[in-house]
Amino acid sequence: MSVNQFIQDHKERFLNELLDLLRIPSVSADPKFKDEVFKAANFVKESLINAGADTAEICETAGYPIVYGEKIIDPALPTVLVYGHYDVQPADPYELWDSPPFEPVIKKTKIHPEGAIFARGSADDKGQFYMHVKAFEAMMAAGELPCNVKFMIEGEEEVGSDNLDKFVIENKEKLKSDVILISDTHMISMQDPSITVGLRGMAYMEVEVTGSNRDLHSGTYGGAVANPINVLCDMIASMKDENEHITIPGFYDKVQELTAEQRSRLNEAPFDLEEYKSKLDINEVHGEKGYTTIERVGIRPTLDVNGIWGGYIGEGAKTVLPSKAYAKISMRLVPDQDWKEIAKLFEDHFKSIAPASVKVKVKSHHGGAPAVVSDTSVGYQAAEAAMEETFGKRPVPTREGGSIPIVALFQKELGSDPILFGFGLDTDALHSPNEHYGVQNYFIGIETIAAFFRHFRKLSEA
């Protein structure tokens with residue numbers, strides 16, 4: 001039986017297994033889901049064993065465990081390392097979901113007429129990493145596994161992968177491979193496949209602004225004492241100028257500027273601005289002056305408020321002048337910005353612009369380095385050939401706005417370029433209510449991953 005025939009014959013089981021995994025609310029950011037995160041780790045371990053791994057183990061860390069598995073058919077053959085994560089984002093706000101986030105349902109949509117799986121983690125990243133497990137199973141069942149394979153599936157990606165660095169550094173020999181596959185990105189569309197060759201880094205901050213020593217009556221004190229929410233809004237607004245250029249001193253000092261030729265090539269990717277606006281239900285795009293939408297989300301750094309709160313937000317009215325105001329702020333970074341340097345520049349600047357009427361605190365939550373991946377490596381050529389085989393069209397190299405901090409870590413510590421082999425779409429509502437992943441994306445991903453192994457073996461031996 002061929003690999004693709006095995007996939008076709010076991011489609012229903014492959015899909016049901018993914019739905020079972022999606023029913024586990026493995027939210028790493030919320031301690032109340034701790035047991036569920038460990039449950040998901042065990043699910044992954046058992047799946048690897050059932051698929052044919054020689055060994056699969058739960059590797060403890062200071063936080064949530066890393067699941068490691070491998071199948072070594074011949075040490076002389078090329079080795080593929082698969083990375084993914086079984087933890088998911090919080091599902092809040094639950095009331096904005098059309099169906100419960102951990103009770104997956106399949107519904108047809110305009111973009112996914114064959115159906116899409118609606119559930120938290122369906123696209124990010126359970127649906128995507130599980131494709132690799134099923135491709136591995138299909139190759140094993142067909143007796144057509146052409147390369148050695150190793151799996152490293154972690155449980156802390158959504159909270160910064162704090163313990164992954166230590167694991168990777170301490171297990172370099174164990175993780176030694178010729179290429180690393182990561183499916184945690186998206187394509188342009190099912191009609192225009194693409195492979196991500198660039199990711200932005202990130203620095204994630206939290207700020208606290210304090211005025212008086214307690215909440216005050218807004219009539220008695222309003223106009224005489226600083227309102228921390230007003231002050232915080234003014235401070236945040238001042239961090240960008242009229243051209244959406246970030247005003248933190250030194251912020252752009254290390255930004256890698258692309259040549260006109262590189263920018264032109266980047267903008268060759270299929271992109272319909274009117275369709276983009278229509279999908280988001282917006283009248284106009286917004287961003288740094290002098291750059292296209294593709295450039296703004298791929299090669300330019302950003303500063304955005306991810307949450308802001310303070311004072312009274314309950315039902316009805318409460319005329320309070322709050323003591324404190326808070327905000328969470330993320331900055332997406334590009335080569336060659338260092339997230340720790342940017343975090344320090346942010347902290348120094350934020351404190352410097354605070355008026356004497358308030359006190360401020362700045363906390364750095366986590367961050368990660370930007371990364372650029374070669375589009376001429378054997379791994380990229382194999383991915384390109386595999387996608388052309390299954391999609392019938394040569395994929396386009398693109399740069400993505402999201403951050404996967406471990407890409408730079410792998411490049412530095414393991415010495416090989418990861419291949420960002422994502423099969424999601426930018427409409428999948430990652431991190432949002434009603435996250436979903438196309439059923440067709442899931443199955444074509446399994447087929448393409450299996451094709452990658454075959455092409456990688458062939459090109460490695462050429």
Side-chain angles (χ1 to χ4, degrees), residues 180 182 184-189 192-203 239-273 275-277 284-304 330-343 345-346 367-381 383-384 387 394-412 416-422 426:
I180 305 168
I182 302 174
D184 197 13
T185 52
H186 64 256
M187 308 178 295
I188 295 172
S189 70
D192 295 294
S194 58
I195 300 174
T196 302
V197 295
L199 290 165
R200 292 190 290 190
M202 182 169 68
M239 298 179 85
K240 287 185 179 180
D241 64 18
E242 67 278 7
N243 294 319
E244 289 295 305
H245 201 261
I246 297 163
T247 57
I248 299 173
F251 185 86
Y252 292 96
D253 285 358
K254 294 185 177 180
V255 169
Q256 187 183 103
E257 299 288 348
L258 270 65
T259 64
E261 182 181 350
Q262 289 173 316
R263 290 178 64 180
S264 175
R265 187 182 179 196
L266 189 68
N267 282 287
E268 289 175 3
F271 179 73
D272 186 319
L273 182 59
E275 181 182 2
Y276 182 83
K277 291 189 291 186
E284 192 51 83
V285 292
H286 182 79
E288 188 178 0
K289 187 176 180 180
Y291 295 91
T292 66
T293 299
I294 288 177
E295 291 171 336
R296 287 168 179 167
V297 299
I299 64 171
R300 298 301 295 169
T302 64
L303 184 150
D304 285 294
S330 66
M331 292 164 285
R332 299 288 175 169
L333 312 177
V334 298
D336 295 306
Q337 290 179 300
D338 180 283
W339 78 267
K340 292 181 180 178
E341 290 180 3
I342 294 298
L345 289 175
F346 175 94
V372 176
V373 177
S374 170
D375 61 358
T376 60
S377 68
V378 171
Y380 183 88
Q381 291 172 23
E384 187 178 56
M387 272 193 149
R394 187 179 181 184
V396 177
T398 61
R399 294 203 184 196
E400 192 167 309
S403 303
I404 308 178
I406 47 82
V407 172
L409 169 70
F410 292 163
Q411 289 174 320
K412 177 183 177 183
S416 58
D417 260 349
I419 304 301
L420 300 168
F421 214 26
D426 64 1

Taking the side chain as every heavy atom from C-beta outward, state whether Gln256 and Val334 have any pair of such atoms under 4.5 Å apart. no
With sequence neighbours excluded, residues passing side-chain contact (heavy atoms from CB on, under 4.5 Å) with Ser194: Met187, Ile188, Val396, Thr398
Let me confirm one number: the CD1-CG distance from Ile404 to Leu199, rounded to the nearest 0.5 Å. 5.0 Å
For the side chain of Asn243 and the backbone of His245, is there at least one donor-acceptor N/O pair under 3.5 Å apart? no
Enter the distance from Met331:CE to Arg200:CZ here, rounded to the nearest 0.5 Å. 13.0 Å
Among all residues two or more places apart in sequence or in another chain, which pass the side chain to side chain donor-acceptor pair (under 3.5 Å) test with Arg332? Ser403
Ignoring hydrogens and angles, tell me if any N or O in the side chain of Glu400 forms a donor-acceptor pair with the backbone of His186 under 3.5 Å. yes
Ile195 side chain reached by Tyr380 side chain, heavy atoms, under 4.5 Å: yes
Kindly give the heavy-atom pair with the smallest separation between Ser330 and Met202, and that separation in Å. CB-SD, 4.2 Å
Distance col, row Leu420:CG vs Thr185:OG1, nearest 0.5 angstrom, shows 5.5 Å
Between Gln262 and Leu258, the two heavy atoms sitting closest are OE1-CA, 3.3 Å
Short side-chain donor-acceptor distance under 3.5 Å, Thr292 and Asn267: yes
Leu303 and Phe251, any side-chain heavy atoms less than 4.5 Å apart: no
Check for a donor-acceptor pair, side chain of Asp192 on one end and backbone N or O of Pro270 on the other, with a separation under 3.5 Å. no
CD1-OG1 distance between Ile419 and Thr196, expressed to the nearest 0.5 angstrom: 11.0 Å
Using ring pair (Phe, Tyr, Trp, His ring centres under 6.0 Å) as the criterion, list what pairs up with Phe346, not counting sequence neighbours. Phe350
For Lys277, which residues count as a side chain to side chain donor-acceptor pair (under 3.5 Å) partner, sequence neighbours excluded? Glu274
Please collect all salt bridge (charged side-chain N to carboxylate O under 4.0 Å, His left out) contacts where either partner lies in residues 289-298, sequence neighbours excluded, each pair once. Arg263-Glu295
Under the salt bridge (charged side-chain N to carboxylate O under 4.0 Å, His left out) rule, what pairs show up with a residue in residues 242-258, not counting sequence neighbours? Lys240-Glu244, Lys254-Glu341, Glu257-Arg300
Which atom pair, heavy atoms only, marks the closest approach of Gly422 to Met387? O-CE, 4.1 Å
Say whether, by atom type as modelled, one donor and one acceptor occur between the side chain of Gln411 and the main chain of Val372 under 3.5 angstrom. yes
What's the shortest heavy-atom distance between Trp339 and Ala203, and which atoms? O-CB, 3.9 Å
Tyr252 (side chain) donor-acceptor with Ile246 (main chain) under 3.5 angstrom: yes
What's the separation between atom CD1 in Ile294 and atom OH in Tyr276, rounded to the nearest 0.5 Å? 9.5 Å
Might you point out which heavy atoms bring Pro249 and Leu345 nearest each other, and give the distance in Å? O-CD2, 3.7 Å
Residue pair Ala408 / Ala371: nearest heavy atoms and the distance that separates them: N-CB, 4.2 Å
